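No experiment lies behind these values; they were computed from the predicted model shown.
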Amino acid sequence: MTPHRRIAVIGNSLPRRCGIATFTTDLVRAIANSQPKVETCIVAMNDHGQSYEYPASVAFQIKDDTIDDYVRAASFLNAGRFDLICLQHEFGIFGGEAGSHILELLSRLSMPVVTTLHTVLAKPSAAQRAVMERLVEASSKIIVMASKGREMLRSVYGVTDDKIEVIPHGIPEFPFAEPDAAKAKLGFADRAVILTFGLLSPSKGIEVMIDAMPAILQHRPDAVYVVLGATHPNLVRDQGEAYRDSLVARVHALGIENHVVFLDQFVDQATLLEFISMCDVYVTPYLNEAQMTSGTLAYSFGLGKPVVSTPYWHALELLDDGRGVIVPFGNAAAIGKEIALLLTDAPRRQAMRERAYAVSRSMTWERTAERYIAVFENARHGDWLKVIARTGPVPIAHSPAASDMQLGHFLSMCDDTGLFQHAVHSVPDRSHGYCVDDNARALLLACALNNPGEKRLSEVLTARFAAFVQHAWNPDTKRFRNFMGFNRTWLEDCGSEDSHGRTLWALGECARKDASPSRRRWAAALFAEALPTVLTFHSPRALAFTLLGLDGYCAVVPDLRAREIRHSLADRLMSGLAAVETPDWSWFEEGLAYDNARLPQALMQTGIATQTPDYVDAGLRSLRWLMTQQTTPTGQFRPVGTLGFGELRQPPRAFDQQPVEATATIAACLTAWRADGDVEWKAIAANVFAWFLGRNDLSVALVDPETGSCRDGLHPDRANENRGGESVVSYLLGLADIRQLARVNVSVTPPAALRSVSA
């Protein structure tokens, strides 16, 4: 059962007339309907000295230009013990340069903040960039309504992908209906109705649509263009109704006054839905591409209306793949031609209606509220630790983190099937073929290279690794195959438990971080299909790999069953630790083997995501013990050698040392740093990475910085000259982690609920 909580939403609110006011009101209503035990309220922004007759849902008001109001609002929220704040951000609704007054409020809050960005600027001014950077820093999560927003946050502002959520604009639940009844009710019977609604302003391109009407009337003399909406209040304040008057004059000049109807109204939702329901075609002729979100577009699409639109960002994404019609900006002839074609082709119009309605079912306010609640839960549980202070950079000894990542050898180890398992020296060894283990690691690398500052792998190569994983799936056994010969013949019907878990890990990260929305959906679907099998597994590493995959999957998919499985798997790791652990052996098994650090890493990441301090504590405790086993008396990293695998409660053997151990340890140390805020973990991660570069028992560098190749490990007397798939991917994954660490340059504090166990 969901516990009683308090959530406040900062933004505009009805009856103020603007799109953000409508969105904020609808979002709060949807959350309240979805979670009756969640107490919600609105902190409303008032513009330019205006005041409004707000409903009871508005608990506090802020005058946009009064800095003291922002300070008082923070005091109100802190005193009210709100669990989370959801900020609706648009530069123009807050006071100060570039809306900077809102930072005074955010800097004083004692609870997590989730921010919805209604605009993401591709070319911000210096002031806008500064505000956005501080806003991102203060937010546990950033929500945008289109994938373009995610891309711009990454490329323009350097926001890490795991901090960004894409949740489409919500839409009302409305039955799929023919327009005739609504036309008759509203006085447009026997007319072909084209509709635009929303606050009127010059950027909406209404004049272009007016200019298109004569061409439409040649094909449909019964057509009428209905323009529903009041003039934007800011425009009225500055210019009166000059813009609306100019549109009316344009209609008269064209002699089409019987075919264009202006309805100067700001209607309630019920009336609005009737108007949308009656139209045959909806049009959004906006004049520039920088429109990240359009509520009018979302509503019309969600009611199953054929949409003709100019190619602004939201429309390009929503209407892709034939779900609507895109026309050039400012091109009246093109708009007229496409609308005329739709109005004279009833089967095509109906097919487009049905497709839009079917696709939009995931956008209803009920589903939108569920996704917001899932993000709120992650934020409250410390899934994304809040940055609280900037410190000096942590030195990365011997690290080439600032240099380019060289992928030459990695690429040479790939063919049109996938990544080869082994190499003879640096030459790919075809005789050993491929395995899903290494191709899953390669898919993890592709995801890691989507982080800011990295150059993505090519689409062709990433798709190849995904295709290998897909082909490895055996629906008959509900398991992934592992080994494949060079002739593309599978050598088994199902692979090991560990390979299954590692593949799930790659799919979970792909669902969260892949650059392709389609591939993210593929990964999530295959993950969900392959997950239940893990409940029969016994390998602790398979459980840990799956938990790492669940960290990504659960961050983007509101899957209650998956969350239950996550707790079940973590509890099984905890049980294993409890059964074996003694004062001098703080581990999950009687012996040490490979990829050891992934076990504590999985527990820590799960504990952070689910706000389970016991998981975090166990992960930190076991990782600290593991580091005592992997560190020489001189402070040098010495990974657990393969010669000691399977020995019971014995000190680890020194050889053979393999790259996979170093990579796992780097990732686990950085997770520990995020969990307890101790900067020593960053120094340990840097020390571990130095193992690749020659700070090891043989003082031999394992990597060739010019090609990015990595030797397979250290023998007692020499380095292994072979440079196989697992080794190169392990090195590149470790390098990607260190490069990100060098860019972060911050200190963190763990969530309050975790501090008692991690201090």
Side-chain angles (χ1 to χ4, degrees), residues 1-8 31 34-35 37-39 78 81-86 109-115 138-143 162-163 165 370-388 508 512 543-544 546-575 577-578 599-623 668 670-678 681 748-759:
M1 181 177 294
T2 303
H4 186 79
R5 292 191 298 272
R6 306 193 77 202
I7 295 173
I31 292 171
S34 174
Q35 300 287 343
K37 289 188 177 294
V38 174
E39 182 181 338
N78 288 332
R81 297 184 179 276
F82 284 87
D83 296 290
L84 182 134
I85 306 303
C86 184
L109 294 178
S110 60
M111 69 289 291
V113 176
V114 171
T115 297
S139 302
S140 297
K141 274 284 195 176
I142 300 292
I143 296 174
D162 57 7
K163 197 169 191 175
E165 291 285 342
E370 291 173 356
R371 296 184 66 178
Y372 265 84
I373 289 291
V375 173
F376 294 165
E377 288 299 295
N378 281 337
R380 289 182 67 242
H381 294 167
D383 196 16
W384 317 111
L385 300 175
K386 185 178 180 181
V387 176
I388 62 167
R512 170 161 59 182
L543 306 186
T546 303
L547 285 170
L548 293 172
L550 281 162
D551 193 63
Y553 176 79
C554 290
V556 295
V557 180
D559 185 337
L560 294 179
R561 178 57 177 152
R563 295 183 182 208
E564 292 173 357
I565 292 175
R566 176 159 63 172
H567 276 288
S568 174
L569 300 184
D571 288 342
R572 288 175 59 186
L573 280 184
M574 293 288 287
S575 296
L577 179 63
L599 279 68
Q601 179 191 355
L603 270 184
M604 287 184 287
Q605 286 190 201
T606 304
I608 293 169
T610 63
Q611 198 180 19
T612 309
D614 287 349
Y615 296 165
V616 175
D617 187 28
L620 288 167
R621 187 171 72 252
S622 56
L623 181 61
L670 296 183
T671 301
W673 165 58
R674 296 183 181 100
D676 72 1
D678 188 345
W681 288 114
V748 301
T749 188
L754 302 181
R755 289 176 201 158
S756 62
V757 296
S758 59

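Panel note: side chain Lys141, backbone Val113; no donor-acceptor pair is recorded below 3.5 Å. Between the side chain of Asp83 and the backbone N or O of Ile7 there is no donor-acceptor pair closer than 3.5 Å. Judged purely by atom type and a 3.5 angstrom limit, Asp559 uses its side chain to pair as donor or acceptor with the backbone of Ala562. A donor-acceptor contact shorter than 3.5 Å is absent between the side chain of Ser568 and the backbone of Glu564.
The heavy-atom pair separating Ala672 from Leu623 by the smallest distance is CB-CD2, 3.9 Å. Residue Gly619 comes nearest to Pro600 through the heavy atom pair O-CB, 3.3 Å, listed as atom of the first residue, atom of the second, then distance. Heavy atoms only, all atoms of each residue included: Val616 and Ile608 are closest at CG2-N, 3.7 Å. Residues Leu603 and Ala570 share a closest heavy-atom pair of CD2-O, 3.9 Å.
At a threshold of 4.5 Å between non-hydrogen side-chain atoms, the residues Asp551 and Thr606 do not count as touching. Contact check for Trp681 versus Thr671: no side-chain heavy atoms found under the 4.5 Å cut-off. Counting heavy atoms from C-beta outward, Leu109 and Asn78 have side chains that approach closer than 4.5 Å. Side-chain contact between Thr115 and Ile143: absent, with no pair of heavy atoms (C-beta onward) separated by less than 4.5 Å. Two residues are said to be in side-chain contact when any heavy atoms from C-beta on lie closer than 4.5 Å; Tyr615 and Met604 fail this criterion.
Atom CD1 in Ile85 sits 8.5 Å away from atom OG in Ser110 (nearest 0.5 Å). Atom CZ of Arg563 sits about 10.5 Å away from atom CG of Leu550, to the nearest 0.5 Å. Note that the CD atom of Glu39 and the CD1 atom of Ile31 stand 13.0 Å from one another [nearest 0.5 Å]. The structure places CZ of Arg371 at 7.5 Å from CD of Glu165, a figure rounded to the nearest 0.5 Å. Atoms CZ and NE2, from Arg572 and His567 in turn, are 15.5 Å apart once rounded to the nearest 0.5 Å. The CG atom of Leu569 sits 5.5 Å away from atom CG of Leu543, with the distance rounded to the nearest 0.5 Å.
Between Arg566 and the options Leu547, Thr546, Thr612, a side chain to side chain contact (heavy atoms under 4.5 Å, CB included) holds for only Leu547.
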**OP:** Applying side chain to side chain contact (heavy atoms under 4.5 Å, CB included), run through Asp678 and Trp673 and close with a yes or a no.
**Re:** CA-CA 5 Å; Asp678 188 345; Trp673 165 58; 5.9 Å; no

